[in-house]
Amino acid sequence: MAGKRSYLDTPGYPAFLAVVALWAAASSGSPLCVRVLAGITAALAAGHLAVTLVGRRRDRRTASGGG
């Protein structure tokens, strides 16, 4: 029996993290250092999301035999 999957294991979490970090980076009320770190976090989260989605697509393609 498969266990319940955590939300943190889904592609939705890095997407949510990227949006929140991008929002913080664009906020003019935040200090410069917070905006820079939020921008870096947004970029890393977006990169992680892209790698996750490409890996899932590759796994699906391999499983279907369309290599």
Side-chain angles (χ1 to χ4, degrees):
M1 183 164 112
K4 190 172 182 180
R5 219 172 134 185
S6 171
Y7 177 70
L8 298 176
D9 294 334
T10 64
Y13 181 70
F16 174 74
L17 182 62
V19 168
V20 169
L22 189 62
W23 188 282
S27 173
S28 61
S30 301
L32 180 63
C33 61
V34 172
R35 293 193 321 235
V36 169
L37 289 175
I40 292 170
T41 302
L44 290 174
H48 177 65
L49 177 63
V51 168
T52 300
L53 292 177
V54 167
R56 285 174 55 143
R57 185 176 187 187
R58 186 176 298 143
D59 290 344
R60 251 188 255 137
R61 208 180 267 172
T62 303
S64 69

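These values consider heavy atoms only, across backbone and side chains, with no hydrogens, waters or symmetry-generated copies. Residue numbers start at 1 and run along the sequence shown.
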Output all residues satisfying side chain to side chain contact (heavy atoms under 4.5 Å, CB included) with [X], sequence neighbours left out; order by chain, then residue number.
X	result
Ala38	Ala24, Ala25
Val19	none
Ala42	Ala21, Leu22
Ala18	Ala45

Which pair of non-hydrogen atoms, one from Ser28 and one from Arg35, has the smallest distance, and what is that distance?
-> O-NH1, 3.8 Å
Which other residues belong to the hydrophobic cluster containing Leu53, where Ile, Leu, Val, Met, Phe, Trp and Tyr are joined when side-chain heavy atoms lie under 4.5 Å apart, directly or via other members?
-> Leu49
Hydrophobic clusters join Ile, Leu, Val, Met, Phe, Trp and Tyr when side-chain heavy atoms are under 4.5 Å apart, directly or via other members; which others share one with Leu32?
-> Val36, Ile40, Leu44
